[in-house]
2 protein chains.
Amino acid sequence: MLNKDDVIPLYVQLKRLLRSQILNGEFKEMDLLPSETQLMKQYQITRTTIRKAIAELKQEGLVQQVHGKGTYVRLRETKDTVWNFQGFSDLAHLQNQKPITKVLEKETYQKDGSSFLKLVRLRGLQSDNITTWMTIDTSHLPLNRFPDLDTYDFSNTSLYKLLRETYNTYPHHANLNIEPILGTPLMYDRLELEEKKPLLRSFGVVSTESNIEIEHLEIIYSPHFKFKFSQYINY
Amino acid sequence: MLNKDDVIPLYVQLKRLLRSQILNGEFKEMDLLPSETQLMKQYQITRTTIRKAIAELKQEGLVQQVHGKGTYVRLRETKDTVWNFQGFSDLAHLQNQKPITKVLEKETYQKDGSSFLKLVRLRGLQSDNITTWMTIDTSHLPLNRFPDLDTYDFSNTSLYKLLRETYNTYPHHANLNIEPILGTPLMYDRLELEEKKPLLRSFGVVSTESNIEIEHLEIIYSPHFKFKFSQYINY
DNA sequence: CAGTGGTCTAGACCACCCT
DNA sequence: GGGTGGTCTAGACCACTGT
């Protein structure tokens, strides 16, 4: 149920509710969501509010509206663009796949008189007990900002969840470069690739809303990872 | 001005108007757009309609709203990301470089009973009489939608400008895939590259606002072309 | 035809920012 | 305090889809 006195806007509450119902499987792929009129009655809120919630779900690619028919659940495609960050786990669940993370390296080092944590993780998706490795993530995090970060085990803990919940730091945007590379033998070995196809490498900085740098990172993408983009064209 | 009897929704009309004003430089980077109240008076439409228009501009990355302050023009983010389309020329001028286009192939062909134009162009930047080739663009365009398109010379004519001004067709967004490849000898030859570094290849479809496909395209990027992204992180 | 989403109006109250 | 955007209500009419 929704709480009209909560500080969280009604449309956000409704959006989260519908999203969790979709992700939990209460509504399945190609199901129709309740119509806007039904939702009005059910939650006693206006259609405008409902449409705002659905519009954002549509933007996230979870839902598709068709005039005269209804609002369909749409888990396929669209959101493959989200590479890592936290979209990784969500994406996995949608496709009945399990996100797998293996910590390859974890070490602290000094640079310019400050301590940093270097974290190398192999990330992949598991379905039917077959694991497909997708990326090798290398993160560099400042330990003065995140004390004791090196004491955590990251194989089961989301880095960003930890930053948010323990260090109250909210990653907001990333500035990244992308380039094609020939992988090193180590990379192909880690990603369990036979073919020595070229790989994608992206690297850059993750910052908070106020542009404080919180992470330097590099991501090596396996060819299994399909990059999709939508780009608006400016006149 | 807006036309309330037009079949085009008011918010779309307003969105296009504001967008063209931004891109024509009537509003500049970091300028404030007129406030929602001002726009209400100016165009005699409701705030809901105005907010819908602005929301879509926000989604396109042209504009940013700040509570209590106003709506700012923000061209930065999108501009760096823009690879080709017409951002190419803008980008060039900014750096005191001249955009160069060389038509490599131009031929019509039949497929599924329809005629198409295949256009292959080499694009680069010139400064101090040195040309650096950046991309090889291959476009496929339907001739039934663009009659006589094959009669134009594209070395000095912008394809998109032609589509807009002659065929009244507005490219709006592109859905693209990106992958690293090993180039063919022909590619390295055309791009005048000595080193056989891996290249980036992107391919996909360009559509109008109403999702009508107008161009299939492939772009091969030279390593001289640096890809930069800004990605917002969603929770 | 009834039901659905798409657009739009005319208000209201609030939280935020600046002076 | 006066202006800004953020949320929400309670309606209305329309275009599209199915039967």
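Every chain is numbered from 1 and lettered A, B, ... according to where its sequence line falls, protein lines coming before strand lines.
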For A:Arg47 and for B:Thr46, locate the closest nucleotide of DNA chain C by heavy-atom distance; then report the residue assigned to the nucleotide nearer the 5' terminus.
A:Arg47

Distance-minimising heavy-atom pair for B:Lys15 and B:Ala53
N-CB, 3.9 Å

Should A:Thr48 and A:Arg51 count as side-chain neighbours, where that means a heavy-atom distance under 4.5 Å?
no

Spacing of A:Ile54 atom CD1 relative to C:dT7 atom P, expressed in whole Å:
14 Å

Whichever of A:Thr49 and B:Gly68 has its nearest DNA chain D nucleotide further upstream toward 5'
B:Gly68

When rounded to whole Å, the NE2 to P distance for the pair A:His67 and C:dT4 reads 12 Å

Is the phosphate of C:dG5 approached by A:Thr71 (side-chain N or O, under 4.0 Å from OP1 or OP2)?
yes

Calculate the interatomic distance between A:Asn3 atom CG and D:dT7 atom C1'; express it in whole Å.
15 Å

Phosphate contact (D:dT4 OP1 or OP2) by B:Gln65 side-chain N/O below 4.0 Å:
no

Using the six-membered ring wherever Trp is involved, compare the ring planes of B:Phe116 and B:Tyr109 and label them parallel, tilted or perpendicular (cut-offs 30° and 60°).
parallel

Using a heavy-atom distance cut-off of less than 4.0 Å, which residues of residues 8-18 of chain A contact DNA chain C?
none

Euclidean distance, atom CE of residue B:Met40 to atom C1' of C:dT9 [Å, nearest integer]:
10 Å

Atom CD of B:Gln38 and atom P of D:dG3: how far apart are they, to the nearest Å?
11 Å

In whole angstrom, give the distance that lies between atom CD1 of B:Ile45 and atom C1' of C:dT9.
11 Å

Return the 5'-most residue of the pair A:Lys52, A:Val66 with respect to DNA chain D, ranking by each residue's nearest nucleotide.
A:Lys52

B:Lys41 NZ - C:dA10 P separation (whole Å):
15 Å

Without swapping roles, check the side chain of A:Asp112 against the backbone of A:Ser114 for a donor-acceptor pair under 3.5 Å.
no

B:Leu149 vs B:Leu162, side chain to side chain contact (heavy atoms under 4.5 Å, CB included): CA-CA, chis, key distance, verdict:
CA-CA 9 Å; B:Leu149 184 63; B:Leu162 196 63; 3.6 Å; yes

Less than 4.5 Å apart, side chain to side chain, heavy atoms only: is that true for A:Thr101 and A:Phe154?
no

Counting the atoms with a prime plus P, OP1 and OP2 as sugar-phosphate, which does A:Ser35 contact under 4.0 Å by heavy atoms, base, sugar-phosphate, or nothing?
sugar-phosphate

Using whole Å, report how far CG of B:Asp6 lies from P of C:dC8.
10 Å

Does CG in A:Asp6 sit with more than 12 non-hydrogen atoms of other residues, nucleotides or ligands closer than 6.0 Å?
yes

